[in-house]
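Below is one structure; the comments refer to it alone.
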Protein chains: 2
Amino acid sequence: MNRELLLLGLLRHKDMHGYELHEFINRDMAFCTDIKKPTAYNILQKMAESGWVTEIEEQDGNRPPRKVYQITSEGEQVFQKLLRENLQQHHQARFTDDIGLAFIDAIPSEEAILLLKKRRAILQHEFDVLNRPHSKAHSRGGMKLILEHQRRHLQAEIDWLDDVITRLTKEDI
Amino acid sequence: MNRELLLLGLLRHKDMHGYELHEFINRDMAFCTDIKKPTAYNILQKMAESGWVTEIEEQDGNRPPRKVYQITSEGEQVFQKLLRENLQQHHQARFTDDIGLAFIDAIPSEEAILLLKKRRAILQHEFDVLNRPHSKAHSRGGMKLILEHQRRHLQAEIDWLDDVITRLTKEDI
DNA sequence: TCCTGATTAGTCATTATTGACTATTCAGAA
DNA sequence: TTCTGAATAGTCAATAATGACTAATCAGGA
């Protein structure tokens, strides 16, 4: 239901068509979700069937018509409910990167150290990118919170990875 | 491919049947992955088709026969490759919990604070559970690393959430 | 003994997700 | 003006994932 929350939240600000929503999400919100285009259209269609949004065919010049989505008052109520649910819950994070760690004793620790140092370089690079001055879309309210969250998370990852590398170096796993 | 890595890694230790693999993953590795039963069987079947594992029908008493999976030498090579890939990469974490934060200005900050305090209590509880003495399955090598990772991550989450709550309290979003 | 609920083991029909494709428009170069 | 590559807008067939189901066995109590 978090994808629904996201789409409704964006539609509250302004009416948008599917492609526009997808573009925004994949440009400005890539760090918190990952909705592919057909998935976005699928969710929009279902929300239209549920009456949370309305589809309005719009003709722009002589381009083929496109469907503009508008949140309904029922959709607004659902948004308010989903938002409250989201804020008061916590979903355990699953790190797919961890799976390899479970089997780290299957390779020589010198090699493991080299591989993890490579991972660390990637992490550091992402951290640096995140600390670069950011776009307009990211400078308002909630977005800043989310960016700060990513920053904190990446810092914790780097600290942890350094710790793992140190322990491997001391053969103290 | 990380699910494949996980299943192959477990089969390296001993031959297992599908249900056994699924049970182990959902009991002892729930904090790093989330493979449903039919998904596990599906992956095992595909790995059998690829020659990474062999299926052997086994009769236990007069129970219906079941398929025991055994890693092949080709499977071992794939495991070694996947493990190295996994260790040297980093996958950006996506926090679905963040989506609500993006729209936090849609509700009064007093209410948001209450909701986030509830979230914090859940987080704290998970942190406490994680710090309780853990099972045998979790006390060996790689597993300890992963638990430590979760612990660090949860600590960072709590710190961040406290920061958000403080900022909201000061109306400084 | 018989019954009940839990455990073991797996399947299958339905949903969800996505890679790959179509088709139009537009901006600029040749 | 004609061509080319990028941007816009969306669809669809194929794959992946899962909820709900089946079915046997077992442990223990009535």
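Each chain gets a letter, A, B and so on, in the order its sequence line appears, and its residues count up from 1. Keep in mind that what you see is a predicted model, and the values were worked out from it rather than measured.
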field: Separation of atom CD in B:Glu23 from atom P in C:dG10, rounded to whole Å
entry: 12 Å

query: Just how far, in rounded Å, is P of C:dC12 from CD of B:Gln45?
result: 10 Å

task: With sequence neighbours excluded, tell me which residues meet side chain to side chain contact (heavy atoms under 4.5 Å, CB included) with B:Ile122.
output: A:His90, B:Glu126

- prompt: Under 4.0 angstrom, heavy atoms only, what part of the nucleic acid is B:His22 near: base, sugar-phosphate, or nothing?
  reply: nothing

- request: Figure out the CE/P separation between B:Met47 and D:dA16, and round it to whole Å.
  value: 14 Å

message: Any side-chain N or O of A:Tyr19 below 4.0 angstrom from OP1/OP2 of D:dG10?
response: no

Are there any protein N/O atoms within less than 3.5 Å of an N/O atom in nucleotides 16-21 of chain C, and if so, which ones and at what distance?
unit_1: C:dA16; atom_1: OP2; unit_2: A:Lys46; atom_2: NZ; d: 2.9
unit_1: C:dT18; atom_1: OP2; unit_2: A:Thr39; atom_2: OG1; d: 3.4

- request: Could I get the full list of salt bridge (charged side-chain N to carboxylate O under 4.0 Å, His left out) partners for B:Glu55, not counting sequence neighbours?
  value: none

task: Quickly work out the B:Glu58 CD to C:dT8 P distance and round it to whole Å.
output: 15 Å

- request: Give the rounded distance in Å between these two atoms: CE of A:Met1 and C1' of C:dT15.
  value: 13 Å

Remaining members of hydrophobic cluster (4.5 Å side-chain criterion), A:Tyr19: A:Tyr41

message: Can you measure B:Leu44 atom CG to D:dA17 atom P for me and round it to whole angstrom units?
response: 13 Å

query: Quick one: do A:Asp128 and A:Arg132 make a salt bridge, cutoff under 4.0 Å?
result: no

- prompt: Atom NZ of B:Lys67 and atom C1' of C:dT8: how far apart are they, to the nearest Å?
  reply: 16 Å

message: Once side chain to side chain contact (heavy atoms under 4.5 Å, CB included) is applied, do any residues pair with A:Asn26, and if so which ones, sequence neighbours excluded?
response: A:His22

message: Test of understanding: with ring pair (Phe, Tyr, Trp, His ring centres under 6.0 Å), list the residues that count as partners of A:Phe103, not counting sequence neighbours.
response: B:Phe79

